[in-house]
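Since the structure comes first, as structure tokens, the remarks are kept for the end.
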Amino acid sequence: MASLNVGNLGEYLREQRRNAQLSLRQLADAAGVSNPYLSQIERGLRKPSAEVLQQVAKALRISAETLYVRAGILDAERDRDDVETRAVILADPSLNERQKQVLLQVYESFRKENGFVAEADSGVEDDADAAVDGAASVRNPHP
């Protein structure tokens, strides 16, 4: 299987795991992912979701934002406030994955409306518009 272009995420994770003096199995257990899956991430064969990266970061006691950037989920050159906002949304344990994605889509639609374009989020606009419409109908069920 060819290595995916996920930067040096796998190498970085391996280094952080070793610094924390954890075996692959221990980190997998602490993060709630399978041992083979974590091994594939470390070898660059899999690109994990933001949720998996959040779990791994929590288990390693490191910044999830750093992992998001290394995985290509966030662009290192983006405005610092944008990166922090996205990281906070993705790290919020009170939201489920669907809610996080909808919130990020709405956030991105507002940024686009205000002149901030994110190339990495192409195709988000239509979903965001639908999410905004859906949120409006929830707030105002009787127009």
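Throughout, numbering of the chain's residues begins at 1 and tracks the sequence.
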Handout entry: Distance (rounded to the nearest 0.5 Å) between Leu103 CG and Leu95 CG
Key = 6.5 Å
Practice task
Starting at CZ of Arg25, measure out to CG of Asn35 and round the result to the nearest 0.5 Å.
Solution key: 4.5 Å
Fill in the blank from the handout: Note: Leu67 and Ala57 closest approach over all heavy atoms is CD1-CB, 3.6 Å
Problem - pair Tyr12-Ile62: side-chain heavy atoms closer than 4.5 Å - result: yes
Handout entry: Distance (rounded to the nearest 0.5 Å) between Glu51 CD and Asn96 CG
Key = 9.0 Å
Practice task
Drop me the distance from Asn8's CG to Glu15's CD, to the nearest 0.5 angstrom.
Solution key: 9.0 Å
Practice task
Please examine the side chains of Ile41 and Leu53, heavy atoms only from C-beta on, and report whether any two atoms are closer than 4.5 Å.
Solution key: no
Exercise for the section: Identify, with sequence neighbours excluded, every residue that meets side chain to side chain donor-acceptor pair (under 3.5 Å) alongside Gln99. Expected result: none
Exercise for the section: Look at Arg86 together with Glu65 and state whether they make a salt bridge at an N to O cut-off of under 4.0 Å. Expected result: no
Practice task
Determine yes or no for a side-chain-to-main-chain donor-acceptor pair under 3.5 angstrom, with Lys100 supplying the side chain and Leu90 the backbone.
Solution key: yes
Practice task
Determine yes or no for a side-chain-to-main-chain donor-acceptor pair under 3.5 angstrom, with Gln54 supplying the side chain and Ala91 the backbone.
Solution key: yes
Practice task
Ignoring hydrogens and angles, tell me if any N or O in the side chain of Asp92 forms a donor-acceptor pair with the backbone of Val88 under 3.5 Å.
Solution key: no
Exercise for the section: Check whether the side chains of Gln101 and Gln105 place a donor and an acceptor atom closer than 3.5 Å, and report yes or no. Expected result: no
Exercise for the section: Check each of Ile73, Leu38, Leu9, Leu13 against Pro48 using the side-chain contact (heavy atoms from CB on, under 4.5 Å) test, and report the only one that passes. Expected result: Leu9
Fill in the blank from the handout: The reported gap from OG in Ser109 to CG in Asn114 (rounded to nearest 0.5 angstrom) is 9.5 Å
Exercise for the section: For residues Gln26 and Gln21, determine if any side-chain heavy atom of one lies less than 4.5 Å from a side-chain heavy atom of the other. Expected result: no
Completion exercise
Taking every heavy atom of Leu27 against every heavy atom of Ala59, the minimum-distance pair comes out as CD1-CB, 3.6 Å
Practice task
Say whether Tyr107 and Tyr68 are linked into one hydrophobic cluster, either directly or through other cluster members, by side-chain heavy-atom distances under 4.5 angstrom.
Solution key: no
Practice task
Sequence neighbours left out, what passes side chain to side chain donor-acceptor pair (under 3.5 Å) with Ser39? Give chain and number order.
Solution key: Arg43
